[in-house]
Amino acid sequence: GVSHVLTLALQELSLLCKRDVNGVGVLYDLLRSRWLQALLKIYECLQHYLGKRPAPVTLQARALSREVIELLREAPQSGEIKELRRLLRSPHLKAALLSAHDTVAQKDFEPTLPPLPDNIPENEEAMRIVCLVKNNQPLGATIKRHEVTGDITVARVIHGGLADRSGLLYAGDKLVEVNGVPVEGLEPEQVINIL
């Protein structure tokens with residue numbers, strides 16, 4: 001996770017600091033690094049999401065409506081109170097709206113990522129799990145087979161496209177898996193069909 005990335009960054013910085021007395025070059029390289037930029041972008045997105053995330057006032061709207069009906073029974077009977085009691089007792093409100101509210105309020109809609117595979121090679125420099133939701137829009141990136149290694153890589157990221165706006169994909173990134181399907185040995189056209 002993030003702590004692992006930060007640990008690797010600290011190890012890298014300790015090696016670089018030994019070579020650079022003033023540390024300006026290290027700081028410059030660190031601030032320009034793609035992984036730090038991507039990490040900061042993810043952090044900003046999460047902070048934005050947490051800041052505007054709506055939360056239900058109650059998880060039990062149906063029980064609350066029954067309690068309100070009982071309280072209204074004891075209140076002086078005016079036209080408004082009778083109408084409110086009638087609305088709260090109506091099957092459409094009880095069965096449909098309040099039941100739907102309670103169902104949605106009790107669910108967890110947080111995004112979940114699949115667990116990391118066990119067979120990740122230890123000699124890899126870094127691996128990122130990128131989750132992009134396309135919503136019927138193009139990815140905004142092209143892929144190709146690397147001439148030497150045969151790996152499927154991102155050939156280019158189209159300016160203004162989904163991949164560019166996310167800041168998570170870069171030209172030269174190696175694709176290991178797409179939508180849970182390993183891409184090793186596949187042709188670029190097959191990977192495009194999975195995308």
Side-chain angles (χ1 to χ4, degrees), residues 1-10 31 33-118 120 126-141 157-170 173 175-181 192-195:
V2 174
S3 61
H4 180 68
V5 171
L6 292 176
T7 302
L8 292 174
L10 289 174
L31 293 176
S33 64
R34 291 186 335 186
W35 63 266
L36 182 62
Q37 296 297 321
L39 193 60
L40 290 174
K41 188 165 230 164
I42 291 170
Y43 176 78
E44 288 172 1
C45 289
L46 288 173
Q47 288 300 106
H48 178 71
Y49 171 75
L50 291 174
K52 69 175 207 171
R53 180 177 158 209
V57 175
T58 178
L59 300 179
Q60 302 294 329
R62 289 181 75 186
L64 182 61
S65 74
R66 286 191 295 273
E67 188 178 328
V68 169
I69 290 171
E70 291 301 317
L71 290 173
L72 291 175
R73 205 176 274 162
E74 301 166 4
Q77 297 300 305
S78 67
E80 290 87 6
I81 289 179
K82 287 180 183 177
E83 183 180 359
L84 181 57
R85 283 183 66 198
R86 183 183 58 75
L87 286 172
L88 290 174
R89 286 182 174 168
S90 74
H92 299 298
L93 184 77
K94 284 175 23 181
L97 184 63
L98 296 180
S99 177
H101 172 276
D102 290 349
T103 301
V104 171
Q106 293 176 14
K107 288 197 177 185
D108 183 14
F109 293 100
E110 294 291 321
T112 56
L113 292 175
L116 289 174
D118 294 331
I120 296 175
M127 181 179 281
R128 291 189 319 271
I129 296 177
V130 176
C131 181
L132 295 176
V133 180
K134 290 183 2 178
N135 289 335
N136 296 325
Q137 58 183 315
L139 180 60
V157 176
I158 299 166
H159 180 71
L162 176 64
D164 180 49
R165 290 191 316 269
S166 75
L168 299 174
L169 285 179
Y170 301 94
D173 284 351
L175 299 182
V176 176
E177 189 176 280
V178 175
N179 295 334
V181 179
I192 289 171
N193 289 334
I194 299 170
L195 287 169

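Shown here are the side chain to side chain contact (heavy atoms under 4.5 Å, CB included) partners of Ile81, two or more places apart in sequence or in another chain: Leu72, Ala75, Gln77, Ser78, Arg85. In this structure, the side-chain hydrogen bond (donor to acceptor under 3.5 Å, both in side chains) partners of Arg165, at least two apart in sequence or on a different chain, are Gln137. Residues passing the side chain to side chain contact (heavy atoms under 4.5 Å, CB included) test with Asp164, sequence neighbours excluded: Val157, His159. Ile42 pairs by the side chain to side chain contact (heavy atoms under 4.5 Å, CB included) definition with Leu46, Leu168, not counting sequence neighbours.
Note that CG of Leu169 and CD1 of Ile158 are 12.0 Å apart. Values are rounded to the nearest 0.5 Å.
Residues Ala163 and Gly140 share a closest heavy-atom pair of CB-O, 4.0 Å.
Each salt bridge (charged side-chain N to carboxylate O under 4.0 Å, His left out) pair with one or both residues in residues 67-83, not counting sequence neighbours, appears once here: Glu70-Arg73.
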